[in-house]
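Here's the structure we're looking at; comments come further down.
Both counts, for ligands and for their atoms, begin at 1 and track the order of listing.
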Amino acid sequence: MPSLKFCMFFLVLYRVCFVICLTSAADPIYVRHVCPNTTTFNRNSSHQSNLNFLLSSLVSNATRSNGFSTGFYNVTAGQDPDKVYALFLCRGDVTPTTCQDCVNFATSDILQRCPVQKESIIWYEQCLLRYSDASIFSALDSNDYIFVLSNSNNVTEQVRFDQLVRTTLKEAANEAVNSPKKFSTREANFTTVQTLYCIVQCTPDLSNFDCNSCLQQSFVSLPTARAGGRVLFPSCYSRFELYPFYNDTVTAAPPPTPVLSSPPPKDSYSRNEVIRCIHIGLLCVQEEPADRPTMATGVLMLNSYSVSLLTPQQPAFYIGSRREACNSMPTKELEFDQSKSKSMPLSVDDASITEVYPR
Ligand SMILES: *[C@@H]1O[C@H](CO)[C@@H](O)[C@H](O)[C@H]1NC(C)=O
Ligand SMILES: *[C@@H]1O[C@H](CO)[C@@H](O)[C@H](O)[C@H]1NC(C)=O
Ligand SMILES: *[C@@H]1O[C@H](CO)[C@@H](O)[C@H](O)[C@H]1NC(C)=O
Ligand SMILES: *[C@@H]1O[C@H](CO)[C@@H](O)[C@H](O)[C@H]1NC(C)=O
Ligand SMILES: *[C@@H]1O[C@H](CO)[C@@H](O)[C@H](O)[C@H]1NC(C)=O
Ligand SMILES: *[C@@H]1O[C@H](CO)[C@@H](O)[C@H](O)[C@H]1NC(C)=O
Ligand SMILES: *[C@@H]1O[C@H](CO)[C@@H](O)[C@H](O)[C@H]1NC(C)=O
């Protein structure tokens with residue numbers, strides 16, 4: 001049996017990487033954006049100055065609340081026809097600091113991507129930002145834009161997995177709809193070593209009824225034949241994965257740091273034990289989070305030779321900036337996106353990325 005202390009080192013490396021990638025103050029991870037160029041404004045117009053004012057007040061108010069729970073903010077500026085409506089929504093579990101960083105980044109990023117569009121939405125892992133020349137507050141929007149993203153990995157036991165995902169998301173939705181934040185997470189055991197993680201959230205300006213309709217509509221398009229996926233609407237989203245992708249509090253309770261100073265990180269190892277241990281370590285630092293064993297799986301692998309080990313893929317660690325390393329995480333998954341608009345049926349061709357058209 002390899003020394004648990006020695007092997008924990010690799011698991012801790014993995015854990016640290018995970019924590020950094022999900023919770024660092026690095027730039028938020030871009031997911032998608034949409035801004036139809038059918039309605040545009042002139043630069044230096046009053047529309048432009050209203051928009052600039054709104055975006056800056058969203059940033060300065062990002063940690064406050066205006067009648068809704070924190071992590072959501074809506075503002076308006078100007079008079080018709082140049083009136084602008086804007087809002088942001090942070091993922092329900094992120095800290096106020098992460099939320100503010102995300103909103104701050106989003107307000108400048110969106111103007112790079114959508115310099116003259118009157119209507120724009122951008123989604124990151126940590127927040128979404130949206131503005132329009134028409135009122136978007138307290139209005140259910142689950143028709144105009146939809147993005148369906150799916151994990152590239154297929155899942156075993158598809159029927160049971162589909163049922164578990166739907167049951168778990170439904171429970172999460174029931175809780176979210178009736179909460180002020182309109183947010184909930186739920187976990188469920190899929191197999192002894194695989195945990196299902198689910199999240200749902202609506203913008204909290206929606207009524208309970210509209211939040212529920214939005215989430216139910218999102219469930220219709222969920223790619224449950226895959227090991228993970230999400231459906232993004234302007235007013236709500238739902239997502240499931242077989243790895244933990246939310247919960248800022250991970251930072252608050254990192255695993256104990258192993259004592260590396262005590263010389264054996266008396267113990268004697270067989271060659272096979274050491275190789276097995278390094279093998280597990282490499283599995284833990286693979287680029288694709290879904291491929292990495294969970295902490296529980298890692299411990300199981302260490303304690304049992306009956307668990308056969310897969311060949312590790314390229315690790316996520318490389319010499320480069322932390323941001324690059326972290327941003328590389330979701331990219332692979334996003335290669336398999338699908339998207340559609342109300343004018344287009346949902347494509348079943350995973351490789352295709354269809355354009356989203358305006359209303
Ligand atoms: C607007 O977007 C469409 C689709 O992306 C593109 O074909 C068209 O050239 C764009 N028009 C302008 C004026 O940028
Ligand atoms: C906008 O205003 C700035 C400063 O007043 C000026 O330099 C710039 O040329 C203007 N741009 C347009 C497109 O009018
Ligand atoms: C938000 O920020 C702006 C600009 O800093 C400030 O003037 C305003 O009072 C804040 N609150 C609201 C509701 O906009
Ligand atoms: C934010 O949205 C709510 C609900 O629609 C609305 O009552 C409120 O006036 C909005 N706030 C601003 C600053 O427009
Ligand atoms: C994240 O997990 C911690 C404990 O593991 C829990 O206290 C917290 O409520 C969770 N947060 C969310 C948003 O689920
Ligand atoms: C997943 O399943 C589909 C359809 O059964 C198949 O075409 C695809 O190659 C599979 N992908 C992987 C990564 O196994
Ligand atoms: C998953 O299984 C473990 C141990 O079997 C149990 O302690 C835990 O409560 C289960 N989690 C859920 C969400 O059912």
Side-chain angles (χ1 to χ4, degrees), residues 47 50-80 82-90 93 103 107 118-119 121 127-142 157 160-161 163-175 177 180-182 184-211 213-214 234-236 239-247 249-250 253 293-301 303-304 307:
H47 194 98
N50 288 339
L51 179 59
N52 290 348
F53 173 77
L54 272 195
L55 294 182
S56 66
S57 56
L58 281 185
V59 172
S60 54
N61 292 313
T63 55
R64 289 182 220 158
S65 81
N66 62 346
F68 298 102
S69 54
T70 52
F72 173 82
Y73 210 87
N74 63 329
V75 282
T76 56
Q79 302 297 322
D80 283 328
D82 291 315
K83 194 167 179 180
V84 185
Y85 301 77
L87 62 80
F88 71 76
L89 176 69
C90 287
D93 63 317
V103 174
T107 52
K118 285 187 173 178
E119 186 185 7
I121 313 176
C127 72
L128 76 82
L129 170 71
R130 181 181 178 198
Y131 53 79
S132 175
D133 59 336
S135 179
I136 49 174
F137 306 151
S138 301
L140 169 63
D141 191 339
S142 58
E157 297 185 73
R160 192 168 72 82
F161 188 67
Q163 279 166 358
L164 187 67
V165 168
R166 288 181 191 284
T167 309
T168 311
L169 277 170
K170 199 172 275 183
E171 285 170 11
N174 283 342
E175 186 175 87
V177 162
K181 253 187 155 173
K182 299 276 188 287
S184 175
T185 62
R186 270 279 195 289
E187 284 113 49
N189 293 322
F190 178 46
T191 65
T192 48
V193 293
Q194 285 180 303
T195 306
L196 172 70
Y197 297 86
C198 292
I199 196 169
V200 294
Q201 189 169 14
C202 301
T203 59
D205 57 332
L206 289 192
S207 66
N208 295 7
F209 183 85
D210 284 346
C211 176
S213 323
C214 191
S235 293
C236 74
R239 182 178 178 188
F240 67 94
E241 302 286 354
L242 285 172
Y243 61 90
F245 58 94
Y246 51 78
N247 204 333
T249 59
V250 173
T294 61
M295 201 70 171
T297 319
V299 170
L300 184 74
M301 286 168 171
N303 289 310
S304 164
V307 179

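- Below 3.5 Å of separation, one finds an N or O of S138 facing an N or O of ligand 4.
- Residue contacts with ligand 4 for Y73 are absent, since no atom lies close enough (heavy atoms, distance under 4.0 Å).
- At least one side-chain heavy atom of V84 sits under 4.5 Å from a side-chain heavy atom of H47.
- Within the listing of ligand 4, atoms 2 (O), 3 (C), 4 (C) sit less than 4.0 angstrom from a heavy atom of F68.
- You'll find the side chain of L89 reaches within 4.5 Å of the side chain of P204, heavy atoms only.
- Counting heavy atoms from C-beta on, the side chains of Y197 and N247 never come closer than 4.5 Å.
- Screening L55, L54, I121 for a side-chain contact (heavy atoms from CB on, under 4.5 Å) with Y131, the sole residue that qualifies is L55.
- Judged purely by atom type and a 3.5 angstrom limit, R160 uses its side chain to pair as donor or acceptor with the backbone of F190.
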Dump the pairs for me: ligand 7 N or O, protein N or O, distance under 3.5 Å, to 0.1 Å.
unit_1: ligand 7; atom_1: 2 (O); unit_2: N189; atom_2: ND2; d: 2.3
unit_1: ligand 7; atom_1: 11 (N); unit_2: N189; atom_2: ND2; d: 3.1

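- Annotation: side chain to side chain donor-acceptor pair (under 3.5 Å) contacts of N208 (sequence neighbours excluded): K182.
- Within the 4.5 Å cutoff, the side chain of L128 has heavy atoms near those of the L87 side chain.
- Under the 4.5 Å side-chain criterion, counting only non-hydrogen atoms from C-beta, F72 is not in contact with K181.
- Short contacts between ligand 4 and T76, defined as distances under 4.0 Å to a heavy atom of the residue, involve ligand atoms 14 (O).
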